[in-house]
Amino acid sequence: MKVDGQRYEGSVSSGADLLAHLSKEVIKDVVVLNVNGVLVDVSHALDPDDEVELIHADSPDGLDIVRHSCAHVLAQAVLRLFPGAQYAVGPTTEDGFFYDFALENDRRFEASDLSAVEAEMRRIVAEDQPFVRDVITLDDAEELFVSQPFKREILATLREADATQQVSVYRNSAEFVDLCRGPHVPSTRYLKSFRLQRVSGAYWRGDESRPQLQRIYGIAFATEKATEAYLTFLEESEKRDHRRLGQELDWFHFPPEIGPGLAVFHPKGAYIRYRMEEFSRTKHLEAGYELVWTPHLAKSTLYETSGHLEWYKDGMYPPMELDEGDLYYPKPMNCPGHMLIYRAQPRSYRDLPLRLFEFGTVYRYERSGTLHGLLRVRGLTQDDSHIFCTPDQLKDELGRLLRFVIAILRAFGLEDFDAELSTRPEKSVGNDAEWEFATEAARLALDTSDIEYSIAEGEGAFYAPKIDIHLTDAIGRRWQLSTLQIDLQEPQRFGLEFQDASNQKLRPYMIHRALFGSVERFFAILTEHYAGALPGWLLEEQIRILPVAQEAQNWADTVASRCKANGLRVVVGSAGEPLGGRIRKAKVDKVPYILVVGNNDVAAETVGVNRRGAAKEERGIALDVFIAEATEALREPTLEAF
RNA sequence: GCCCGGGUAGCUCAGUCGGUAGAGCAGCUCACUCGUAAUGAGCAGGUCAGGGGUUCGAAUCCCCUCUCGGGCUCCA
């Protein structure tokens with residue numbers, strides 16, 4: 001037998017037997033075993049030629065087991081406190097677990113129930129109840145769960161797949177049993193650290209037409225220390241929340257008078273947008289894109305042609321009726337407009353690739369419950385591009401596009417990317433050859449890029465494969481940013497053509513591409529990544545000059561005009577209130593540079609420099625030296641080659 | 001859309017048993033003129049989200065609507 005890669009000579013009959021023979025050090029926090037590549041309970045029987053790996057609670061597999069066992073204990077606790085409760089499913093999540101219930105008399109969990117349930121869970125953990133596995137027939141299982149309709153529905157699904165199979169159940173003491181594939185921790189005392197977080201509704205099997213269950217979410221880790229670290233992370237996330245920072249920094253808000261999901265940008269926030277957009281426009285022009293503009297409304301016939309009314313109607317704002325009954329829809333996407341621009345004249349292969357670019361504001365009827373700050377809105381501005389190219393050009397164009405996207409994102413100081421290639425889903429349109437061709441082009445483009453990628457089988461749009469770019473932010477959260485989709489369907493719907501060198505009419509490929517995704521969303525992600533301290537080149541106020549007292553006011557004005565002459569954006573404060581208060585205000589406003597000038601500086605032509613994020617200020621810096629530093633640090637980034 | 005929890009001054013929030021609205025910050029005025037994260041005093045600021053109901057009396061209890069947050073769901 002091999003244990004953790006080492007030959008083990010002893011003769012043991014089961015995992016538990018094996019652990020009994022190993023040192024305390026080695027078996028500490030072993031929650032399950034990996035036997036010949038399969039995770040099993042510690043009690044599992046062992047053969048002499050098995051290869052065994054001890055799985056500890058703090059490993060990825062071990063943590064998953066801990067969380068899953070926590071879910072069982074949650075269900076057990078709920079059943080103790082709410083007799084007659086029905087329990088449905090209880091899987092693990094990224095940071096913990098949940099379990100879905102239906103309580104008697106349609107009773108709902110309230111926030112205050114959570115602490116009672118959590119206390120009951122701790123009692124069960126203290127009782128050190130073993131998780132005991134039992135394998136039974138489907139008939140016996142039906143009998144066992146006779147009063148648990150959700151369990152019986154799962155059993156019915158299993159029976160459909162294979163009527164002769166046996167299923168495993170796990171018992172904790174005599175009072176609780178759950179249908180479960182396992183494995184589990186040996187006993188409840190292995191559940192060292194968990195917290196119940198929230199309660200919400202969730203449809204049975206995610207189906208809106210099925211009953212809505214009560215879901216309790218919890219987090220769980222191998223140690224209390226890890227849980228506390230995670231809670232600290234949650235606090236940090238809260239501090240970075242763009243909705244909170246947007247309020248504090250006076251960037252934007254959502255007036256109820258306008259409607260949910262529709263933001264207004266205040267002057268400071270709008271300035272940031274302006275810089276983002278201008279930078280983007282300039283770089284697109286340099287990269288061979290052409291700017292276009294399309295209106296916010298279009299007749300229903302356009303969206304019939306594009307297929308949006310067929311496929312996406314639920315996501316569209318309702319139409320307004322004009323004139324002789326024409327229906328005008330607010331645009332949910334920019335592509336149909338761009339199609340018409342392509343089609344406005346006969347296209348030659350010499351015109352391709354044709355890269356159209358627009359900051360296009362679109363309106364989408366997102367369901368009210370899904371709205372979330374600037375990340376999920378009903379009115380958004382996409383930095384949208386549609387690239388039309390010949391089949392021959394597709395691979396190179398994708399590669400070039402990918403490099404351009406990454407170069408732009410890097411210019412915003414973002415570093416940590418990965419890509420995902422989503423392939424053909426089960427329900428899709430188009431023929432095999434097209435899919436194969438497009439997917440292969442995407443794969444080759446990714447191979448030549450310098451970012452890592454994974455394949456998401458069957459996750460593509462129904463009309464095309466796509467590449468999504470993800471960012472991992474400053475505190476490790478993953479955000480989806482750009483998306484690239486290869487589309488042959490829409491060009492076909494609009495009858496797009498180009499004439500090739502041998503005078504044939506061919507259909508162009510089209511690449512849909514949003515780089516920021518939407519300006520609003522990108523704004524939010526940048527805010528969270530930088531915790532509100534955005535790169536200085538985006539800000540309207542880059543430098544705030546504070547005269548210590550009235551006597552330094554003239555010098556402050558002089559410093560300001562020298563800065564302005566060098567293209568820096570400056571605000572001069574007046575010496576109204578105590579310096580400490582004015583400094584604090586500037587810090588709270590997250591101004592990149594605070595310059596304090598007093599009598600000592602007037603004669604020496606110096607400034608005191610307080611840099612954002614620096615531990616301590618620096619005094620007596622020659623003005624020229626500061627201007628050189630600030631000009632460099634606040635300069636608009638240049639793009640790396642792509 | 002559905003479930004749970006909220007909505008009180010510009011912001012953050014308190015408001016007991018149903019007895020008629022409060023703080024800090026911000027704003028304004030005055031004084032202070034200051035060397036690196038909150039100077040002091042005063043003033044002003046409210047349809048307690050909106051509507052309906054119960055009650056002698058409602059921020060408080062009930063119903064409806066709007067809206068925000070957390071989830072579910074959806075995402076061409």
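So you know, we letter chains A, B, ... as the sequences are listed, proteins then strands, and number each from 1.
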Mind checking A:Gly620 for me? I need base, sugar-phosphate or nothing, with any heavy atom below 4.0 Å counting as a touch.
nothing

With A:Tyr509, which of A:Tyr342, A:Phe388, A:Phe437 fulfils ring-ring contact (aromatic ring centres under 6.0 Å, His included)?
A:Phe437

In terms of side-chain heavy atoms of A:Asn600, which of B:rC11, B:rG35, B:rG1 is nearest?
B:rG35

Who does B:rC43 pair with, Watson-Crick or G-U, both distances under 3.5 Å?
B:rG27

Per A:Val199 side chain, nearest of listed nucleotides B:rG35, B:rA37, B:rC4
B:rC4

Taking any heavy-atom pair under 4.0 Å as a contact, classify A:Gly369: base, sugar-phosphate, or nothing.
base

Ignoring hydrogens and geometry beyond distance, is a side-chain donor-acceptor pair present between A:Glu528 and A:His242 at under 3.5 Å?
yes

On a whole-Å scale, what distance lies between the P atoms belonging to B:rC66 and B:rC17?
32 Å

Roughly how far, to the nearest 0.5 Å, is the CG atom of A:Leu356 from the CD1 atom of A:Ile341?
6.0 Å

Pairing donors with acceptors under 3.5 angstrom, does anything connect the side chains of A:Arg215 and A:Tyr217?
yes

By the 4.0 Å heavy-atom rule, please label A:Arg611 as base, sugar-phosphate, or nothing.
nothing

Nucleotide of B:rA38, B:rC72, B:rC75 approaching A:Arg584 most closely (side-chain heavy atoms):
B:rA38

Answer yes or no: does a side-chain N or O of A:Ser200 lie under 4.0 Å from OP1 or OP2 of B:rC3?
no

As a test of reading the structure: which of B:rG1, B:rU36, B:rC34 is closest to the side chain of A:Arg619, going by heavy atoms?
B:rU36

At 4.0 Å (heavy atoms only), tell me whether A:Gln214 reaches a base, stays on the sugar-phosphate, or touches nothing.
sugar-phosphate

Counting any heavy atom closer than 4.0 Å, what does A:Asn599 reach on the DNA or RNA strands: base, sugar-phosphate only, or nothing?
base

Nearest to the side chain of A:Arg243, heavy atoms from C-beta on, is which of B:rA37, B:rC72, B:rG70?
B:rG70

Please confirm whether any donor atom in the side chain of A:Tyr203 sits under 3.5 Å from an acceptor in the base of B:rG1, or the reverse.
yes

Base, sugar-phosphate or nothing for A:Glu248? Non-hydrogen atoms, less than 4.0 Å.
nothing

At under 4.0 Å, does any side-chain N or O of A:His372 touch on OP1 or OP2 of B:rG70?
yes

When you measure from the side-chain N and O atoms of A:Tyr217 to the phosphate of B:rC72, is any distance below 4.0 Å, counting only OP1 and OP2?
yes

So, is A:Arg198 near the phosphate of B:rG5, with a side-chain N or O under 4.0 Å from OP1 or OP2?
no

Please pick, from B:rC34, B:rG70, B:rA38, the nucleotide with the shortest atom-to-atom distance to any side-chain atom of A:Ala549.
B:rC34

Side chain of A:Glu577 - closest among B:rA37, B:rU39, B:rG69:
B:rU39

In Å and rounded to the nearest 0.5 Å, what is the CD to CG distance from A:Gln382 to A:Asn334?
5.5 Å

Any idea which of B:rG70, B:rC4, B:rA37 is nearest the A:Val588 side chain?
B:rA37

Please pick, from B:rC11, B:rC72, B:rU33, the nucleotide with the shortest atom-to-atom distance to any side-chain atom of A:Thr370.
B:rC72

Identify which nucleotide among B:rU73, B:rU67, B:rC34 has an atom closest to any side-chain atom of A:Pro578, counting heavy atoms from C-beta outward.
B:rC34

